[in-house]
Amino acid sequence: MSKNILILPGDGIGPEIVNEAVKVLACLRDDFALDIEMDEALVGGAAYDAAGHPLPEATLQLAREADAILLGAVGGPKWEPLEIAVRPEKGLLGLRSELKLFANLRPAILYPQLAAASTLKAEVVAGLDIMIVRELTGGIYFGQPRGVRKLESGEREGFNTLVYRESEVERIVRVAMDIAMKRNRRVCSVDKANVLECTELWREVATRTGADYPEVALSHMYVDNAAMQLVRAPKQFDVMVTTNMFGDILSDCAAMLTGSIGMLPSASLDEAGKGMYEPIHGSAPDIAGRGLANPLATILSVAMLLRYSLDEAEMAGRIESAVDKVLNSGMRTADIHSAGMQKVGTEQMGDAVVMALREA
Ligand code: NAD
């Protein structure tokens with residue numbers, strides 16, 4: 001039976017980059033017999049303008065029915081004056097919580113051809129390929145009680161609660177282990193078990209869960225050391241798994257090791273493996289509508305979608321090889337351009353990937 005993919009272009013450069021990713025999906029469907037159907041719907045500022053809400057009920061319904069979702073980006077200055085409840089970002093957060101997308105997968109991959117784009121020395125980062133698995137629906141961002149209270153002295157005190165149930169730790173560690181089985185079979189669980197009881201439990205549950213995966217080498221690292229190691233010798237990592245807040249910080253740090261925001265995809269998965277896939281960057285209002293945006297992060301998000309939600313690893317590999325080939329040919333959008341390379345726009349880059357797919 002065909003799989004249904006919901007396409008949510010969103011705002012700013014969203015429609016431009018998603019358009020190129022849809023060309024790639026259409027090519028796999030038409031030329032390589034990938035059995036998919038695509039629907040499209042509004043989210044973010046575009047949805048607010050058309051329907052008065054960043055996540056209209058019709059979009060949510062289609063998202064629930066879909067096997068996987070591809071999202072461009074949401075937001076922009078036009079919608080910043082709106083009240084928080086109807087800002088474009090609420091569309092994204094609403095989808096994550098409504099669909100219970102608890103596992104955030106953030107690869108940090110640096111194509112050797114782009115090593116010069118990193119602020120770190122090329123030999124430290126060339127060929128970098130880390131997968132950060134971040135818990136997305138629990139931990140200190142959601143824990144109760146939370147708030148700001150007034151003390152008897154009159155001084156105010158802010159407080160949040162870091163809380164994880166064993167089952168929450170176990171399911172995210174299983175996601176990391178399953179991914180490691182498809183990669184280099186190493187998982188580093190990041191915590192602060194020397195200070196925080198909650199992550200002492202995290203470490204205990206991670207160890208227990210890891211025992212079910214004898215082929216995966218599980219290690220543990222304190223978050224402060226992990227941050228240092230990411231910058232010192234990032235290639236030592238294969239898969240990292242961590243809490244919501246530690247993952248938030250470490251995944252941005254890892255992404256920036258690559259220096260090219262226009263290249264990095266991401267996935268957010270539920271317990272059944274259904275997921276929402278999107279580039280890590282935003283809607284880039286400064287370049288929207290000018291055909292300058294790099295569509296590769298979105299195209300590589302399609303590869304993740306095929307691998308993790310549609311179990312089409314071979315098709316995913318085709319996309320990744322096609323991107324590699326295009327980079328080898330010297331084509332570069334402005335964000336990854338360097339001397340001697342051929343500067344191209346969004347559409348040209350998307351067309352080049354489609355051509356490389358067909359020629360493979
Ligand atoms: P941004 O990621 O949109 O842009 C940061 C810089 O990177 C800009 O200079 C932009 O031109 C550049 N850039 C981003 N993507 C690019 C691409 N594909 N190709 C070439 N250059 C690219 O971050 P921002 O400027 O902080 O945010 C802009 C808007 O996006 C805001 O409204 C923000 O809320 C929203 N946002 C949305 C998401 C999302 O939808 N997941 C994520 C982050 C920010």
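Atom set for the values below is all heavy atoms of this structure, side chains included, hydrogens, waters and symmetry mates excluded. Read the numbers this way: they start at 1 and go in the same order the structure lists the ligands and their atoms. Note that the numbering runs from 1 along the sequence shown for the chain.
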Aromatic ring proximity, centroids under 6.0 angstrom, Trp202 and Tyr164: yes
Proximity to ligand 1 by part of Val74, non-hydrogen separation under 4.0 Å: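 It is both backbone and side chain that touch ligand 1.
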In ligand 1, which numbered atoms sit nearer than 4.0 Å to a non-hydrogen atom of [X]?
X: Gly76; result: 32 (O)
X: Glu89; result: 32 (O), 33 (C), 34 (O)
X: Leu92; result: 39 (C), 40 (O), 41 (N)
X: Glu278; result: 41 (N)
X: Ala73; result: 40 (O)
X: Gly75; result: 32 (O)

Partner set under ring-ring contact (aromatic ring centres under 6.0 Å, His included) for Tyr222, not counting sequence neighbours: none
4.0 Å heavy-atom contact, Ile17 with ligand 1: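 Per 4.0 Å heavy-atom rule, Ile17 does not contact ligand 1.
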Non-hydrogen atom of Pro285 closer than 4.0 Å to ligand 1: yes
Do [X] and [Y] belong to the same hydrophobic cluster, where Ile, Leu, Val, Met, Phe, Trp and Tyr are linked whenever their side-chain heavy atoms lie under 4.5 Å apart, directly or via other members?
X: Phe142; Y: Val133; answer: yes
X: Val125; Y: Ile261; answer: no
X: Met304; Y: Ile280; answer: no

Neighbour count above 12 (heavy atom, 6.0 Å) for [X] [atom1]:
X: Arg165; atom1: CZ; answer: no
X: Glu155; atom1: CD; answer: no
X: Met355; atom1: CE; answer: no

Ignoring angles and geometry beyond distance, decide whether [X] reaches within less than 3.5 Å of ligand 1 through its nitrogen or oxygen atoms.
X: Glu80; result: no
X: Ala293; result: no
X: Leu292; result: no
X: Gly282; result: yes

Which residue supplies the protein heavy atom nearest to [atom], what is that atom called, and how far is it?
atom: atom 15 (N) of ligand 1; result: His281 CG, 3.1 Å
atom: atom 17 (C) of ligand 1; result: Asn294 N, 3.6 Å
atom: atom 29 (C) of ligand 1; result: Ser283 OG, 3.2 Å
atom: atom 22 (C) of ligand 1; result: Ile287 CD1, 4.1 Å

Within-4.5 Å side-chain heavy-atom neighbours: Asp49 and Leu42: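 Asp49 does not reach Leu42 side chain to side chain.
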Heavy-atom check, side chain of Thr346 versus side chain of Thr333, under 4.5 Å: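 Answer no - side chains too far apart.
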Minimum non-hydrogen distance to [atom], winning option of [options]:
atom: atom 12 (C) of ligand 1; options: Ser266, Ala284, Pro77; answer: Ala284
atom: atom 16 (C) of ligand 1; options: Ile13, Leu264, Leu296; answer: Ile13
atom: atom 10 (C) of ligand 1; options: Asp286, Leu71, Ile261, Ile336; answer: Asp286

Does the protein put any heavy atom within less than 4.0 Å of [atom]?
atom: atom 2 (O) of ligand 1; answer: yes
atom: atom 37 (C) of ligand 1; answer: yes
atom: atom 32 (O) of ligand 1; answer: yes
atom: atom 20 (C) of ligand 1; answer: yes

Exam field: side chain Thr59 to backbone Ala41, donor-acceptor pair closer than 3.5 Å: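 No.
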Donor-acceptor pair between His220 and Thr207 side chains, under 3.5 angstrom: yes
Charged N-O contact under 4.0 Å between Lys23 and Glu20: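 A salt bridge is present here (some side-chain N lies under 4.0 Å from a carboxylate O).
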Those residues that, when tested against Ala288, pass side-chain contact (heavy atoms from CB on, under 4.5 Å) (two or more places apart): Ile13, Glu16
